[in-house]
Structures are given as C-alpha cells and as structure tokens.
Amino acid sequence: MVCRYVRTIFHNKENGYCIFLYETEEDTVPEQVKSKQTGKTIRFTAIGNNLPDTDSVELNMQGNWVKSKFGLQFKVDTYEEVLPQTIEGITGYLSSGLIKGIGPKIAEQIVDKFGLRTFEIFDQYPDNLLQIKGITAQKLKRIMDSYHSSHAIRDLAAYLTPFHVTPNKIQKIYEHFGCEALETVKKQPFMLCQINGFGFLTVDEIARSNRCRLNDPMRIEGCIHYCMELITQEGHLYQEKEEIQTKVWEQLNHGYNKEVVSEAEISRELYRLVKEKVLYFENGALYPAKLYKYECEAAKNLAELLVQETEDMSLIDALIAEAQRELGILLAAKQVEAVRKAFCHMISIITGGPGTGKTTVQKVILYVSKRLGKERMLLTAPTGRASRRMSESTGYPDAKTMHSAMGLNGDQDSEIAIEQFEEEGVLADEFTMSDMWLSWVFFRHIRKGTRLVLIGDVNQLPSVGPGNVFRELVMCGVIPVTVLDMVFRQAENSRIAINAHKMLENNAQLDYGEEFEFIPVDSAAEAAERIEEIYCREVKKYGLDHVQVLSPFRKRGEASVDALNAMLWENMNPKAEDKAEIKAGKRVFRVGDRIIQNKNQNQISNGDIGYVEDVYKDEDGDTLAKLRFSEGRTVDYSGDELDLIEHAYATTVHKSQGSEYKVVILPWLPMFYVMLRRNILYTAITRAKVSVKIVGSKDAIYKAIHNTECDKRNTRLGERIIREYNRLMEEKKPRIIRPISDDYEEYEQMVVNL
C-alpha cells in the first residue's frame, strides 16, 4: 500500500516503536477504515518500528491489519521509500532535512541544474554535485554519507528492532560496518560484539534467529567473552578456570532441555584463546589479556621504584620542626611519621579517615620539599572534583586529574604515549578510586628518582573499575604505610568524624545531633517525601552546589537515584516556556539543569558536576546542549552524546567518591539489604563537611555497621609486588625481606585493624 506520513500519535525514541497517522488513495483499505473517511484520501493508523516521520516521501508498506481497542491498525512488517518523480516532489524531498548538508536553497539549485535526473546523479554521478555553488568536496562527502545512510539505517532498523536494539545502537552498527552492516549482521552476527554496548545475550538471540549452529565456535567464544566481562564488572581481574567454564556452560545451554554445547567444546575454545593470548592462564586462574598485563607490569614498575636508594635525609627532622613553626601547626606523632616516610622512602602510603590530618601532612611535605630545593611537585587525584579540592585545601594551585596529568582522554583502547612526569615528587590523593588500568598507566609515568606518596582512606569503597589497588598496596607489606587514626576536626564537624571512627570500631551507638541527624521513616515513598523537603530547605540555606543526595541504589524504588533525581529535578528546575529542552532517550535536559559527567571525555572528567547552560540548533539544524563545568570549561553535546551525562541532584554512593559536600542527605532503608555494608555507609557519610541527614531505619544502620563484608576482588597485585621486590633485592644483596616497620608486631596489628 502506497501512503504518506501525516502526523505522530506516539513515538518511543528509546526502542523505536511508533504509532503514526498515514494517508493513502488506494482502495485496498478495509471497509471499516474507509467508512470513517471523507474525501479522496483515507487516513489510517500504522504501528511499527522506526517508521519514517516525513511527508517528503511516499512509502510502499507491507504488513497486515490488526484489531485493537482503538480500531483497525496497520501493522507494518517492511516498507520502501517511493522517491518523488516531479520537480516539486524532488525539491521537497531534498529540502526536508532528511539529507544532512542540504537546505532549501541548495536543494533548489540542485533541482534547477539536474531536474528529473537528480536522483540518477545522486546514485551514479555524485561528483557532478560539485558544480553546485556551496558544495565543496568535504560537504559532498557529508551529503552522500547522509543520503546512503538514511536508506541503509532504515533497512537495518527494520531487521534489528524486533530484537530490542535501540536506534542509538543501530546508528553505532552502521558507523562501524558502513553499507555492509545489514549483511554482516545476518551472516556474522557475533561481529556485533566488537561494538560497545552489545552484550552476548542480544547478539545470541540475533544469531539463533539466523539459525546459527548452537555449538558454533563463534558462539562459544562470544559467551566466554561475555562471562569474562561480567567478572570484570564485579571488580575482579581473574576467575578460576573451573568457575568460568561452569558459567559459560550454563549460559550456552540455558533454555534447552538437552546439552547443546559440551564442556569439551568449551575447553577447546578456552585453550585456543589462551594459546592466542586473548586470555592468560596462571595457577588455575584465567585473566583477560589486558588485565593480566596491567597487573604484572604495575607490580614490576612499583618494585623497581621501591628498591631505589634514597638520599641522605638527616635534615628531615629539623625541617619538619621548621615547617610546624612556619605553618603554625602541631603535628601528632603519626603525622610526623608520615612525613618522614615520604622522604626516607621512594614510595610511601598515607591512609586515614576524615579529620585525621591527611591534608596537614600534605602541606608539610610540600613545605619540606621546597626547602630541599625540590619545588617541582605534582598534585593529582582521579577526578576533577578531588583534584580541585586538593588545590583548595593545600593552597597549591596546579593540582590535576590523573588523566589530564598523563594526557589521557579516558579511552582505554587508545594509544598511550608515555612521557614520564618531570616533577621531583608526586602526591596522589584519593587513590582508593584508582582502578587497575589507571594505576598501571600512572605507575608507568613515574620515573626513577621521583618520590611518590599515595594518599587515601583504605576503609572506603574500592574503585568502580576492576581491581582493588590501594588495599593491595597497603596490605602487601613491602611499601611503607602510615595509618592516621587521631581525629583533629573536632570543632568543625565532630559528629561526622567521630561516628565514622565508631563505625570502623564496630560501634553502632552513633552520636546523633544537628551535624549528624537521623530522620525515621517507614517506607521508601515516605523517605522520598522527607528527602524532598530536606533538600529544598538545605539548598536554600547552602546553595545547590553544596547539598547532595546519595543513594545506594540507582534504579530500584522511590528512594533510588533515578526516582529521586526525577522528583528533585522538577523541584529545582521546573519546566518553563523560556527554558529550552533537549531529549536523549528517555531523559530530558533543560537549561539550568544540574548534571554529572559519567565518562572522561577530553577536558571533562568522570564525576565532574556542571550545568546545562544553553540548548540551541547549529547551522545544520541539529539540536545541541552547551554544558558548563567549573573553571569555565564548556562542551557542546548532541542528543546522542548526552548519554555521557545524567542529572546530579541525586547520585550513587559509588559515584560520590572523591567528592565533598557541605550537606549529605542519605536514604538508608531495609530494602537496600544487599547494600547494607559498612564501607558503603562509611563512604557516604564521610563525603559531608558540615552535616549528614540519614533518612530511614536505625535497624538498617546497625546492620550496615556490623556487616564488615567488603567487595572481595580477585587480584594478585600484592603477591606480585612482593615477588618482584624480593627478586630485585636478591639481585642486589641476598637478605631476608620482611615488611617495613619500626616495630614488626605493631605492623601486624595495623594490618589486622585494617
């Protein structure tokens, strides 16, 4: 049936499902539909996926009529564009916006020049379009890419939408495979695993619909990669071979009443992947090749730095005393120990909770370095917020993110040009957040002769990415560690610091008051209501940038990040005629929105918080959002790129690491049972400087404090560091190696406490 688009009734941009109104002059329409029409054309409702929403082209649709509560609707199976054959029709098609780079003026010039042969020129002689004023070689490429892709993408969408592949992913497939995309998907579906965001489950469904053999080696390999990816998402670097083999076997045979893939077939593929060094097998464990490389090389680099000889540091004690006089401070014994270790060893670690004086130690290290003539110091942290806080607290203006210090854009697959740091000393704060990949790159940038001080709170959550680097470094026993355990910030926010330390001592008898308030509620819905009330009040008092809602859950229930963001968004930045908006999947962003970056991208770091400054159309008619971050940094994102951000009125506890706010509002409910762990609660409350508001249940608080279970992550970094260190020391001078500590028993007790 040949028809033309009239208007949109419903369109879900997330999955491409459409309900559109079309009109036709054909007589094949059922009488039930005809009877409701007047005039020459007959209007009807069509349902389908990714249907065209332009009246600049006619469509030849194939499908069938189905009954619904709204009457008969035409369910579209396939469709083809019927290109216009008149001068007016061709001009309208070219100027409709379907082809990027062609506006009304250029469309008119093209049709004036080529007339009814216009589409023949596009298909067979595209270089002739260079005769049109305003079309350069570069612009012609863009025009032709758009002309070809509009057809190819629609064919691809018609094939993949039943598998719940989103329009955004369909666009990624086309960009990856070009005009061969549809044929590739049909004949080699597991090639889709090369594209970010394509999981094995989706690809397996597509493959099985194309009657791919269930024991096809490509299917088995795809499932192995999928299971290994699940492991890394849980923070592990490796998994035992037997466990991986069982996971793969269960996944490949799931849903069948017989074994369709045998253990022997899986073993053969595992053996092949190990032989080809896609995976590494060591002492019963299987590593993805990259993670194995990161762990091994990081351990080797650290060991080489550890065994360096140090200079004469006999002046250190005098300089520490001088620093205290000049800076007007008095260091505790543990703080003095931390400064001494920073200069008596090439690598040292400082760990401690909130208010224990980590910043004060950094100030003294910087002072002593300057007095020793080593003024070139690099201050760095994993996130933009953490590095800027480091600058503010130390008075050192040039603190950087680890990514910017190393010239990285955040893409782990990009080429890393190693240019080692030129500074004589490096202070790396919030190192708990550094995963195995970032740590591997970072340690490669430390040249011999550079002093490295790693600072963090070992009781916080581990990194979001795979690995447990900071804890492994602390626990390995060959790197000098100072544990700061005395609370100094008594007057400023005593209850926050004191309660944090009570938690670490397994003491649930917290001290509640104005700075550490508990608000009891009976349900998630009630929690959301109270959080809304508290948030509005605290924002009015301290400002939007200084109040943060943290939640353990992203999606589940009324007290989750997504639900709270939706509620607080309408409160803080309600819809208005003068506020432009831009859509990105299910999300809508409007001018004035508070947002958070989810991935390192150019000069914007993962975790940076900013605002939507403007929404506008560029010269090609595409809608863009201008985002403003701190220090005057701005970036323009299209709708497709907005998956890099989300609203930031509420965020997860994990996402808050490295950040600091005046007020933290925390829902803490029994429904969060899988997240009721001490390290999550501890991380959340230690983000606050002035006050903590816990909305929920005291029973849930007690459970979390007594639940010391941490994320156990499969990693052998600590073991490798010890092995490499002992090997290098044996090469220098054979001797017994034991952990570095003035008192071995004291060190053992410290490890037990950690």
Side-chain angles (χ1 to χ4, degrees), residues 1-3 5 11-18 20 46-54 56-64 74-83 93 96-101 119-120 122-124 126 141-214 216-219 221-223 225-226 585 639-640:
M1 173 172 54
V2 176
C3 56
Y5 168 84
H11 186 194
N12 186 331
K13 291 190 176 181
E14 188 71 16
N15 60 23
Y17 180 73
C18 310
F20 289 168
I47 56 175
N49 292 291
N50 299 296
L51 302 178
D53 57 356
T54 174
S56 299
V57 62
E58 288 188 325
L59 304 173
N60 187 357
M61 288 182 170
Q62 290 81 41
N64 55 81
F74 191 73
K75 186 175 182 297
V76 181
D77 294 327
T78 61
Y79 64 85
E80 293 177 340
E81 291 183 355
V82 180
L83 294 176
Y93 178 83
S96 67
L98 287 173
I99 304 175
K100 290 184 178 180
F119 290 121
E120 180 188 346
F122 269 83
D123 291 331
Q124 298 181 35
K141 183 180 184 307
R142 188 180 179 199
I143 289 170
M144 294 311 299
D145 286 346
S146 178
Y147 177 72
H148 291 307
S149 70
S150 63
H151 298 284
I153 288 175
R154 285 177 185 171
D155 289 343
L156 196 59
Y159 181 76
L160 288 176
T161 300
F163 301 106
H164 310 291
V165 180
T166 63
N168 191 29
K169 286 184 178 178
I170 289 169
Q171 181 68 37
K172 285 183 179 179
I173 295 171
Y174 178 78
E175 289 171 359
H176 191 85
F177 296 111
C179 294
E180 304 299 318
L182 183 58
E183 188 176 355
T184 301
V185 168
K186 287 181 175 180
K187 292 183 177 178
Q188 295 177 290
F190 286 101
M191 296 283 282
L192 290 174
C193 292
Q194 299 174 7
I195 301 171
N196 241 353
F198 268 92
F200 169 77
L201 301 181
T202 300
V203 177
D204 193 39
E205 187 181 356
I206 295 168
R208 284 187 280 119
S209 73
N210 285 307
R211 298 185 180 180
C212 167
R213 285 190 302 116
L214 295 176
D216 188 315
M218 286 183 68
R219 181 172 183 253
E221 179 182 348
C223 190
H225 290 307
Y226 167 68
D640 289 342

_Minimum heavy-atom distance Phe122-Met144, with the two atoms named_ = O-CE, 3.2 Å
*Lys186 and Leu182, any side-chain heavy atoms less than 4.5 Å apart*: yes
_If you compare all heavy atoms of Met1 against all heavy atoms of Asn60, which two are closest, and at what distance to 0.1 Å?_
N-OD1, 3.4 Å
_Minimal non-hydrogen separation, Arg219 against Arg213, with atom names_ = CD-O, 4.2 Å
_Could you measure the distance from the CG atom of Leu214 to the CG atom of Asp204? Nearest 0.5 Å is fine._
8.0 Å
*More than 12 heavy atoms of other groups within 6.0 Å of Glu183 CD*: no
*Taking all non-hydrogen atoms of both residues into account, name the closest pair between Pro189 and Val203 and its distance.*
O-CG1, 3.2 Å
*Would a 4.5 Å heavy-atom cut-off, applied to side chains only, mark Leu51 and Tyr5 as touching?*
no
